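The structure appears below as structure tokens.
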Amino acid sequence: MPSIQVELGDNSYSIVVNQGILGETGELLRSRTNSKKVIVIADAFVSTRYGHEVMEGLSNAGFDSHITEVPSGEEHKSLEWFGRLHDQLVSHRMDRTSTLIALGGGVIGDLAGFVAATYMRGISYVQIPTTLQAQVDASVGGKTGINHPKGKNLIGAFYQPELVLIDVATLKTLPSRDVRAGFIEVIKHGVIMDVPLFNQIEENLDAILNLDAEILINVIAKSCADKAEVVANDEKENRLRMTLNYGHTFGHALEVVTDYNVFRHGEAVAIGMNCAAQLSCNIDMLPLADMKRQKKLIKRAGLPTKLPPEVRPDMLLDAMYLDKKAKGGKLHLVLPTRIGEVEIRDDIDDSDVLYAISQCIGDA
Ligand code: NAD
Ligand code: GLY
């Protein structure tokens with residue numbers, strides 16, 4: 001089965017991508033650990049639908065395993081649930097040799113990963129991401145954490161998993177809107193660093209969105225390999241890893257000014273990528289043809305490219321400056337120079353950013 005290696009010295013690990021492999025979780029884990037005890041921390045919906053397959057596989061491989069559920073939703077990526085899960089680990093007598101499995105979307109991956117990072121100063125953990133967003137982004141690269149009432153992801157740690165197990169069959173129960181929103185991260189990898197991937201998406205978009213397993217496995221594996229390469233070269237986001245934030249500075253700001261209740265994260269990133277490309281085009285960094293090519297693909301994927309009419313450019317710019325990706329009072333913008341290449345710029349005039357935003361406001 002396709003397997004990608006994240007090369008991080010002693011903290012290296014594999015990402016396994018296939019369909020129908022949840023039942024093999026125990027076997028795959030057995031070959032990597034001497035743990036006897038395993039705790040699965042699962043999104044409540046995902047637990048109901050897929051928990052038994054994972055638990056059966058663990059039991060068949062001889063693990064003493066427990067499953068504990070967290071209700072679905074970003075609001076549970078909290079200090080309160082972080083504490084409750086630690087209580088669970090203590091009550092199940094997990095020790096330093098135990099393994100934790102995160103089963104669900106990015107919320108569970110971030111929350112459970114941070115529990116693994118902190119319980120007894122760190123126990124091993126496995127990511128089993130079940131949303132496309134988490135399969136191509138959140139589960140890879142070891143960013144774990146929870147939200148603080150004053151801001152998202154303010155508390156956390158870089159802590160790499162032992163294994164990432166991606167079963168594309170789980171995407172069949174994911175609402176189409178979430179599949180599309182998650183897919184923007186794959187398009188993003190194409191734009192920032194991978195022309196062959198971008199071409200492949202253009203050629204196979206319908207099959208991908210119809211969840212054709214063969215093409216999906218291939219595209220997800222390539223996307224993860226791209227992210228793995230970036231993480232291997234800049235785990236702690238000193239510079240190169242910032243390129244993964246393409247579209248996110250505009251996108252996060254849009255989520256903030258719309259109170260996180262209008263757009264899926266991936267939809268906001270799609271609009272953000274269009275804003276960044278427009279800006280790059282305006283300052284003659286990006287050929288117009290490449291901007292149009294990106295926009296066409298985003299639209300074909302059923303994702304938005306325009307900021308809603310009620311957004312004011314100055315409001316969005318203010319929110320961009322408040323984002324934690326702004327450093328030392330400067331915006332660090334990831335701007336494409338062509339499909340497959342980006343630059344990080346911290347010298348763009350506010351007036352250029354405001355003008356690009358104003359051009360991207362509209363109805364379509
Ligand atoms: P999510 O975890 O909230 O999942 C979205 C919804 O999908 C939930 O209601 C869940 O119950 C449901 N779901 C999950 N799998 C399903 C399936 N197979 N079928 C049907 N429904 C399913 O959201 P998400 O988009 O996966 O992740 C968002 C989170 O990821 C945010 O908290 C974000 O901060 C984080 N994130 C982390 C990183 C990172 O590098 N660590 C990167 C990007 C995003
Ligand atoms: N989602 C961006 C990163 O993992 O760095």
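What you see is a predicted model, and the numbers here were worked out from it, not measured in a lab. Whatever order the structure lists them in is the order used to number ligands and atoms, beginning at 1.
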Evaluate the criterion side chain to side chain contact (heavy atoms under 4.5 Å, CB included) for residue pair Leu335 and Ile283; output intermediate values, then yes/no. CA-CA 10 Å; Leu335 299 179; Ile283 59 174; 4.1 Å; yes

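- Between the side chains of Thr173 and Tyr50, at least one donor-acceptor pair of N or O atoms lies under 3.5 Å.
- The nearest heavy-atom contact from the protein to atom 30 (O) of ligand 1 is Gly106 CA, 3.3 Å.
- For the ligand labelled ligand 1, residue Asn153 lies inside the 4.0 Å heavy-atom shell.
- Proximity of Lys143 to ligand 1, defined as any heavy-atom pair under 4.0 Å, is shared by backbone and side chain alike.
- In terms of protein heavy atoms, atom 15 (N) of ligand 1 is closest to Thr130 OG1, 2.8 Å.
- Residue Ser72 has at least one nitrogen or oxygen atom sitting less than 3.5 Å from a nitrogen or oxygen atom of ligand 1, judged on distance alone.
- In summary, the atoms of ligand 1 found under 4.0 Å from a heavy atom of Asp137, numbered by their order in the structure, are 42 (C), 43 (C).
- Close N/O approach between Val107 and ligand 1 is found [any backbone or side-chain N/O within under 3.5 Å].
- By the 30° and 60° cut-offs, the orientation of the rings of His76 relative to Trp81 is perpendicular.
- For atom 6 (C) of ligand 1, no protein heavy-atom neighbour is present inside the 4.0 Å cut-off.
- Remark: ligand 1 atoms within the under-4.0 Å shell around heavy atoms of Val46 are 14 (C), 15 (N), 16 (C).
- The shortest contact between atom 4 (O) of ligand 2 and any protein heavy atom is with Lys227 NZ, 2.6 Å.
- Proximity of Ala138 to ligand 1, defined as any heavy-atom pair under 4.0 Å, is shared by backbone and side chain alike.
- Among protein heavy atoms, the minimum distance from atom 37 (C) of ligand 1 is reached at Asp110 OD2, 3.2 Å.
- Among protein heavy atoms, atom 32 (O) of ligand 1 sits closest to Glu74 OE1, 2.7 Å.
- For the residue pair Asn11 and Glu235, no side-chain donor N or O sits within less than 3.5 Å of a side-chain acceptor on the partner.
- Within the structure, the closest approach of Lys152 to ligand 1 falls below 4.0 Å when heavy atoms are considered.
- The shortest N or O to N or O distance between Thr144 and ligand 1 is not under 3.5 Å.
- Not a single protein heavy atom sits closer than 4.0 Å to atom 12 (C) of ligand 1.
- Looking at Asn18 and Glu24, their side chains never bring a donor and an acceptor atom within 3.5 Å of each other.
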Apply side chain to side chain contact (heavy atoms under 4.5 Å, CB included) to residues Tyr119 and Leu100 and explain how you reach the verdict. CA-CA 10 Å; Tyr119 185 68; Leu100 184 157; over 6 Å; no

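- Scanning all protein heavy atoms for the shortest distance to atom 33 (C) of ligand 1 gives Lys77 NZ, 3.8 Å.
- Residue contacts with ligand 2: Glu185 is excluded, as none of its non-hydrogen atoms falls under 4.0 Å.
- Counting the atoms of ligand 1 from 1 in the order shown, those under 4.0 Å from a heavy atom of Gly105 are 2 (O), 26 (O).
- In terms of protein heavy atoms, atom 14 (C) of ligand 1 is closest to Thr131 CG2, 3.3 Å.
- Annotation: side chain of Arg180 is in contact with side chain of Leu209 (closest heavy-atom distance under 4.5 Å).
- Of the protein's non-hydrogen atoms, Asp43 OD2, 4.0 Å is the one closest to atom 8 (C) of ligand 1.
- In terms of protein heavy atoms, atom 17 (C) of ligand 1 is closest to Thr173 OG1, 3.5 Å.
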